[in-house]
There are 4 protein chains.
Amino acid sequence: MFIYYRNMRTKDENKIISIHNAIFDLGIEIGYQNLSIAKIAKKANVSPATVYIYYKDKEDMFSTLYLKVKDIIDSNLFQNVNSEQPFKLQLETILKNHVQAIMAYPKESVFMKYINSNPSLISKEAYEEGMKKAAYLYQLYEEGVEKQVIKNVSKELIIAITFGPLNHLLEQHYYAQTKMSEEEINQTIEMSWDAIKA
Amino acid sequence: MFIYYRNMRTKDENKIISIHNAIFDLGIEIGYQNLSIAKIAKKANVSPATVYIYYKDKEDMFSTLYLKVKDIIDSNLFQNVNSEQPFKLQLETILKNHVQAIMAYPKESVFMKYINSNPSLISKEAYEEGMKKAAYLYQLYEEGVEKQVIKNVSKELIIAITFGPLNHLLEQHYYAQTKMSEEEINQTIEMSWDAIKA
Amino acid sequence: MFIYYRNMRTKDENKIISIHNAIFDLGIEIGYQNLSIAKIAKKANVSPATVYIYYKDKEDMFSTLYLKVKDIIDSNLFQNVNSEQPFKLQLETILKNHVQAIMAYPKESVFMKYINSNPSLISKEAYEEGMKKAAYLYQLYEEGVEKQVIKNVSKELIIAITFGPLNHLLEQHYYAQTKMSEEEINQTIEMSWDAIKA
Amino acid sequence: MFIYYRNMRTKDENKIISIHNAIFDLGIEIGYQNLSIAKIAKKANVSPATVYIYYKDKEDMFSTLYLKVKDIIDSNLFQNVNSEQPFKLQLETILKNHVQAIMAYPKESVFMKYINSNPSLISKEAYEEGMKKAAYLYQLYEEGVEKQVIKNVSKELIIAITFGPLNHLLEQHYYAQTKMSEEEINQTIEMSWDAIKA
DNA sequence: CATGAATGAGGTTTCATTCAT
DNA sequence: GATGAATGAAACCTCATTCAT
């Protein structure tokens, strides 16, 4: 009566994790366009109906997973970064943290990229929530502009030119099943820096 | 018997154009994820069966249209560019031609971008064929590297850092229904140049 | 080229009639609550998808069929009725025409009654359109009230007290598989008349 | 161990009442066609599984509730009625009691009417049990016929012509959220009486 | 007693594609 | 070439019910 031999939470988590992994793996195997609840459920060894216990619908499923993935990938984005450091060092650290995370969670990254390219698959709320993760980045860039360390251009442009090329290369390496070298990373970051520095 | 002396090709072309426009418009209206042959046919005022006269299947339809769009958008990419000009001028002209084309064919660009993000929607052959359009670019970059005008990094990286940020901004402007200013364009190109110049 | 050995219209009508009959028969066999598109299609020997060629959705299917049934059953409602006749004769004729129709189309009547009891199954428009069929009835009642031939009560009440009991009995006879006798009909009509006459 | 000394029956009753109210309210809110155990349970703040503690299945749930509702609504049907009174007075009192009950229990009445229109939702036994509530009515009508106070027609017809119009109007008033006036009630009863009196 | 989790079966609807004309 | 009709397969989702705790 007082002892739960198996507790319900555990069961939940297992099923949820199964579903998440099924999405990551199937998405890569057959293409995210071709995912369906039935296929995901089958891969996860649960009934399609079970999916609807955890998620209201497909959009909710993708939204929730998207935020979870963003959390994972962005969780260490600002590790070893503090506002006392010079701008360039901060940026470098952030970008390297990002590369680290993408390489540590390749499947999750592919999923994230797919959603980023097809944002209509998740709810507006989730999308906006996801944007918030980078709040400090915006602040950092603003300061950089103010202090005339970097060029006075829109934050979007700066993000595009700092994260864009790195992500592009990371993706290519993922599909080629090769590993991005330290040198390549440094080179790319250096280029981004050259692009934005005042 | 009723014989149409009017050129049959004409009729064909009209139907094809209807179908293409239906795809562009519907893709934007209801999202490319939600396109179906039936919806496209309805919007184009043709029968679903008619679509299969022109295309073997959905993949063939997207593939063909993708190549057509790439042709349109890339057709003037090298206008006013010749190999005698200094590298930077050539690059500038190419990027400006690109911006011009994207702004001249916004709907086509959205479609192209959607396919680029979801390449499994078209055939491998079509995808690779599409890549060839930029052959001269590769050559130009190689020369630039050789002559030590630009940094010695992979072509992919250079493409990512030159076209990437521009495309990103162009897309944002499209959805915001605003127009990218001459200044913004120049600024972005300048940044790309700063990034890659030796 | 000019001769259609089998024309499409025919095919259509056959399928539609199959579907309608499937609804009438299945509704009685397994209960209208338990109808599903799949079951209806199976009974009609068509694919579920075929149903959606003829009807937008389930509601549209029921709405269309409801109006068709109302048309059939009400088509002769005013046969042999003309405004010169005394009120009571007109009413009598109308009610007898109604009884005739219900007995001639028992399955259709059961369907109509089911929809009347569950109007949320059809569209508002169809429901209102169905109400119009009885327009002359309202006019007749109004005249009857004006000329003080019948009591000055609401039209709804008069309809309820004239058609209600007849319908009730007709239904009972249908389920008992008995036939309402001439005498019973006359008796019931006489009672309704006693109820409403001034 | 934790023993609840508080009467278990109490807890039960609360849950049952919650379930019943959930049915009444949801039936009106979303339509009785669209009720499901899950929705009812949610509205009642109980688990779907709990419903199956109290009822064998959905049919049993509806059957039980139907009989309960019939009990409530018919409980005072014969209040102030005794067999010594003249027939018309008895009938009048019964009908007024009925109107009273319907107006006092509008939600329950809607449920009852829904089941009456769709009797296949409850068990045969429950339906027949429900019919018995009006036993005295049958007896009264029989006596009325015998004593030649009312016309010699079937009991069903008499019930249809006495209760039918009243119920029809009561329903209309319920959906129009208006209140049936004393006068309207009397008028309607008078009409019924005119219909059946010998 | 009470429950949240779980599910097979089945609901409505749309899909890409083919058929018959 | 062109079409509306037709369909098996599959999409998303909900159902009534049972299981494990």
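In what follows, every chain begins at residue 1, and chains take the letters A, B, ... in the order their sequences are listed. Given the structure is predicted, the values throughout are model-derived calculations rather than measurements.
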>> Let me spell it out: for each of A/Glu59 and D/Ala49, pick the nucleotide of DNA chain F with the closest heavy atom. Which residue's pick is nearer the 5' end?
In response: A/Glu59
>> Distance check needed: F/dT14 C1' versus D/Ile30 CD1, whole Å only.
In response: 12 Å
> Does a nitrogen or oxygen in the side chain of A/Tyr52 sit under 4.0 Å from OP1 or OP2 of F/dT14?
Replying inline: no
> Would you say F/dA2 has OP1 or OP2 under 4.0 Å from some side-chain N or O of B/Tyr54?
Replying inline: yes
> Can you check the B/Asn34 CG to E/dA16 P distance for me, whole Å?
Replying inline: 11 Å
> Do the ring planes of D/Phe111 and D/Phe24 sit parallel (below 30°), tilted (30 to 60°) or perpendicular (above 60°)?
Replying inline: perpendicular
>> What I want to find out is whether C/Lys107 reaches C/Asp25 closely enough, with some N-O distance under 4.0 Å, to be called a salt bridge.
In response: yes
> Salt-bridged, B/Lys68 to B/Glu108, with N to O below 4.0 Å?
Replying inline: no
> Given that both pair distances must be under 3.5 Å and the pair must be Watson-Crick or G-U, what runs of three or more consecutive pairs involve DNA chain F?
Replying inline: E:2-21 with F:2-21
> Expressed in angstrom and rounded to an integer, what is the separation of B/Ile37 atom CD1 from E/dA16 atom C1'?
Replying inline: 7 Å
>> So that I can tick it off, tell me whether D/Glu129 and D/Lys70 are bridged by a salt bridge, with the cut-off set at under 4.0 angstrom between side-chain N and carboxylate O.
In response: no
> So how far is it from B/Ser63 OG to B/Tyr55 OH, rounded to the nearest 0.5 Å?
Replying inline: 10.5 Å
> For D/Ser36, which contact category applies under a 4.0 Å heavy-atom criterion: base, sugar-phosphate, or nothing?
Replying inline: sugar-phosphate
>> Does any part of the side chain of C/Leu67, heavy atoms only, come nearer than 4.5 Å to the side chain of C/Tyr127, both counted from C-beta?
In response: no
> 5'-most contact on DNA chain F: B/Asn45 or D/Asp57, nearest heavy atom basis?
Replying inline: B/Asn45
> Tell me: CZ of B/Phe62 to P of E/dT17, nearest whole Å?
Replying inline: 11 Å
> Got a donor-acceptor contact below 3.5 angstrom from the A/Lys39 side chain to the A/Asn34 backbone?
Replying inline: yes
> Taking the nucleotide of DNA chain E with the closest heavy atom to each, which residue, B/Pro48 or A/Pro48, is nearer the 5' end?
Replying inline: A/Pro48
> Closer than 4.0 Å, any side-chain N/O of A/Lys58 to the OP1 or OP2 of F/dA11?
Replying inline: no
> Do C/Asn116 and C/Tyr66 have side-chain atoms, one donor and one acceptor, less than 3.5 Å apart?
Replying inline: yes
> For the pair made of CG in B/Leu35 and P in E/dA16, what is the distance, rounded to whole Å?
Replying inline: 9 Å
> For the side chain of A/Thr50, counting heavy atoms from C-beta on, which of F/dA11, E/dA6, F/dA6 is nearest?
Replying inline: E/dA6
>> What is the separation between atom NZ on B/Lys42 and atom P on F/dA2, rounded to the nearest whole Å?
In response: 21 Å
> Is any side-chain nitrogen or oxygen of D/Lys39 closer than 4.0 Å to OP1 or OP2 of F/dC15?
Replying inline: yes
> Is any side-chain N or O of D/Ser47 under 3.5 Å from a base N or O of E/dG4, one able to act as donor and the other as acceptor?
Replying inline: yes
>> I need the CD1-P distance between A/Ile16 and E/dG4, as an integer number of Å.
In response: 16 Å
> Rounded to whole angstroms, how far apart are CD1 on B/Ile53 and C1' on E/dA16?
Replying inline: 16 Å
